[in-house]
Trainee: 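Here you go, one structure.
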Amino acid sequence: MENPLRRGLVEDRTGDACAVVIFGASGDLTRRKLVPALYNLAVSRSLPNGFAVVGVARREKDHATFRAEMKEGVSKHSRRKPIDPAVWSDFESAIGYVRGSFDDPQTYVDLRAHLETTDAERGTKKNRLFYLAVPPSEFGVIVKNLRDAGLVEPGSHRPRGAEAWSRVVVEKPFGDDLASARALNDVFAGTFDESQVFRIDHYLGKETVQNLLVFRFANSLFEPIWHREHVDHVQITVAEDIGVEGRGKFYEQTGVTKDIVENHLMQLLCLTAMEPPISLSADAVRDEKVKVLRSLRPMERSLVQNNVVRGQYARGFVRGEEAPGYREEPDVSPSSRVETFLAMRVFVDNWRWSGVPFYVRAGKRLARRVTEIAIQFKKVPHTLFRAPDGGISPNVLAMRIQPDEGIALRFTTKEPGQHTILRDVAMDFRYGSAFGSNTPEAYERLLLDAMRGDATLFTRHDEVEEQWAYIDRVFEAWRAEANAPPPLYTAGSWGPEQSDDLLARDGRRWRKP
Amino acid sequence: MTSGGGASSLIAWLERELREIWAAQDEPGAPPMSRVCTMNLVVVAPTPTLAERYTPVVDDVTASIPARAIVASLDPESTKTSLEGTATAVCALENGRKLCSERIVLRASGADCVRVSSAVDALLVPEIPTALVWLGRVHADDPIFEDLAQSADRVLLDSEYTSLSSLLHVTAWARAQPSSPRVADMAWTRLASWHEMVARMFDEADAMPYLERVTRVSIAQASSAGARLGPEPALLLGWLATRLGWKTSRLGGALRLKRPDGTLVSLDLGSVPRPEGVADMALARVTLVAEGFEGTVERELGTGIEGTRDADTLLWRRVLDGKTMEHRVRLGANKAAKWLERTLHRPAHDPAFDESVAFAEHLVDDGLTVS
């Protein structure tokens, strides 16, 4: 039964009473993202009365030390500065720490005792949100020990106010390939049911990504032209201007394909190409995304050469500063063949998108940091005007995810004067200008959703597997090429020449967003 | 600029001023200026002094909700007859860019007050929503109010600073309009924290059954004893009653509340001393009692530390089966700009508000006072 006092509450965005248990509490993610996000939720009164944060990590420290570390993290990384002493005082009293090794059953005995105290003292109602901010290699042992220690409530999705629940939030990368993703799904499936597992892709927590659904399905203007009859092609760019930033060891294991393409970029592709869901329920939205993934034309080995371009950055200049090449970065092999850039031509073989190429690219040390989805519409069928070289430019609808989140529509207009001179202009809507820039961070939204049991913005097991199934074929083809080194591109450029060729062969070119 | 040449020449002049502001070249080295406009924000004050006092509030709001703001002051009793206006850009620096709203100030005196609504109408930016903020008491037969409200999508007022009857007049008037402008009350926006905290008392499965067994509601406001029931307490009571399906009934003229199962709910209306800086009749405490349950949300009046004395904390206390839980929540600065901004951000259609106002009408009819 729902609480009748919550009926019609406009600002009803409060999590269920619970303890958030963070494994990997000494890590950067906890200090930089998770605890600042929870603090911001406290400021906006979105945390329930019964609430606690419990950090679990190997390092020896007491509650006070852990709280002091978290306070420093919040001071530096929260979007709300300075810290409000009254809110912090209340929030801090909810923070605790349990020291222990993840593979030691005693850790979980201690954790259980701590949580029982928390339930009694803070009213967390035996509800647990386990946040695994640890490498995937640790997932199995943590899940097994949680189960063995009796810390996991069985069962599936429960209405608010029902019996105690347990949920687990996992960070990417979720697996290394299809086989390992399946193995990880099996690890969780043995202890939790799917409705209890929240796989984070923090891109889905970004306001602009969520707005994609609103933009497409709350405006009658765009959906009628959102298909092959009107769309010439789609470009999706996830570009970073930074390098591996001291994460050379991690990057040597992943590369851009596993770090960005398999998850963030595929999710953007799904949200762009999906059919309208029957509702905004978690499964209705995710069903449609899975349909897109299943419609992707398989990247057979013979297709990879003509449809996939990888690259690796070499020394160059980014934003006026000299940048080292990838192989010169710390913890990177001088003969590394790991790709820091990937461009692909992808086809969604369904009724809506048949024959429309989706050009996607992601890379590090590119000319600028930008993530955008650009829908390029078809040219006018007949030119009435004396047009510049190349005819009249097609309309482009560009949705910028970051930075300067917004939507721009490019169209052609006449320059004032005696002659009919055509000129491209843009209608430019920016979130920051229209709504202010103090919007919630992705982790705030996602943590709150997990506390409320809303999995819409989290990736389902079959989505993850479909994403890997698609990407695995690309890796297979590369392996068949005896792992040839990726072509180099100059840091500060838009990737290797072959990336431009990928579109040039189709008579198109990349945008310079 | 005055309307010596007529209202139309004033409007033409204001439009020219605005064009010139945007045509002006940025100073070399200065951040580039962008004009941003997401709505028309029309504010009407019953006196020039109030308009002047409220103009910084409007500037604060348009820094986060870029708009064409039109602040109009009325002085109908003045012996002087004039309509004056100025136009300016109000800019906020955002990521190295100046994002600018437009602010037009109109001052109407004497007989020229009747020109205000048509002047405002001519100055509205088309194709974007218009919100009318009416700062004075509302009289639905006032043609200035009626004309402006009819061209607005939303009409906002603050019943705490006008009156509950003003709110009831506006909602009654809006219901009768074919265009059905939405009405919002900043006092209702301020109650959002109270709604949340009261709802929290019953979120858990073991607490929820008590909601159907409430036998007593106590509400206190910051005022002297004998004062009439204020808008915030009345709206909160309306919210509780309409959420829980309570009906009103009378016995010997006295108001009684009845649960859906027919059981009576006793109602205590009290007062607490009002510290300096706290609005008269502001909601101070609500307590719900059932057998084995007592839940209270209490505003710790005058504990503010954020520059305004009434940036208080709310104390949440619940006794459930003998076990007490307490929690404090900071309300934050009680600034007019914050409440206007939040009200503008809320959905225009809020059925809970409409139902609570309808319930509050019964309370006004009863002329309830606090002890």
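Hydrogens, waters and symmetry mates play no part in the numbers below; they use all other heavy atoms, side chains included. Reminder, nothing fancy here: chain letters follow the sequence lines and each chain counts from 1.
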Trainee: Could you tell me which portion of B:A199 (side chain, backbone, both or neither) has an atom closer than 4.5 angstrom to a non-hydrogen atom of chain A?
Mentor: both
Trainee: State which residues pass salt bridge (charged side-chain N to carboxylate O under 4.0 Å, His left out) with A:E121; sequence neighbours excluded, sorted by chain then number.
Mentor: none
Trainee: Quick one: closest heavy-atom pair of B:F202 and A:L5, and the distance?
Mentor: CD1-CD1, 3.7 Å
Trainee: Which heavy-atom pair separates B:R342 from A:R45 by the least distance, and what is that distance?
Mentor: NH1-NH2, 3.5 Å
Trainee: A:H114: which residues meet the ring pair (Phe, Tyr, Trp, His ring centres under 6.0 Å) condition with it, sequence neighbours left out?
Mentor: A:H63
Trainee: Are more than 12 heavy atoms from other residues, nucleotides or ligands located less than 6.0 Å from atom CG of A:L280?
Mentor: no
Trainee: Looking at every heavy atom in both A:L9 and B:H195, which two are closest together, and how far apart are they?
Mentor: CD2-CB, 3.5 Å
Trainee: Could you report the tightest heavy-atom contact between B:A352 and A:G8, atom names first, then the distance?
Mentor: CB-O, 4.2 Å
Trainee: Would you mind reporting whether B:D203 and A:P48 have side-chain heavy atoms less than 4.5 Å apart?
Mentor: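 No; the side chains remain at least 4.5 Å from each other.
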Trainee: Top residue by heavy-atom pair count (under 4.5 Å) with chain A, among B:R243, B:E355, B:M197?
Mentor: B:R243
Trainee: Checking A:A120 against chain B: side chain, backbone, both or neither under 4.5 Å from a heavy atom?
Mentor: backbone
Trainee: How far apart are the closest heavy atoms of A:K125 and B:D206, and which atoms are they?
Mentor: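 In terms of heavy atoms, the two residues are closest at NZ-OD2, 3.3 Å.
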Trainee: Under a 4.5 Å cutoff for heavy-atom pairs, which residue among B:I65, B:T242, B:L211, B:T38 has the most contacts with chain A?
Mentor: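 Top count of heavy-atom pairs under 4.5 Å with chain A: B:L211.
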Trainee: Counting heavy atoms not belonging to A:R368, are there more than 12 under 6.0 Å from its CZ?
Mentor: no
Trainee: Identify the two heavy atoms, one from B:M325 and one from A:G123, that lie closest to each other, and give their separation to 0.1 Å.
Mentor: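 Residues B:M325 and A:G123, closest heavy atoms: CE-CA, 4.3 Å.
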Trainee: With a cut-off of 6.0 Å (strictly less than), are more than 12 heavy atoms of other residues, nucleotides or ligands near NZ of A:K414?
Mentor: yes
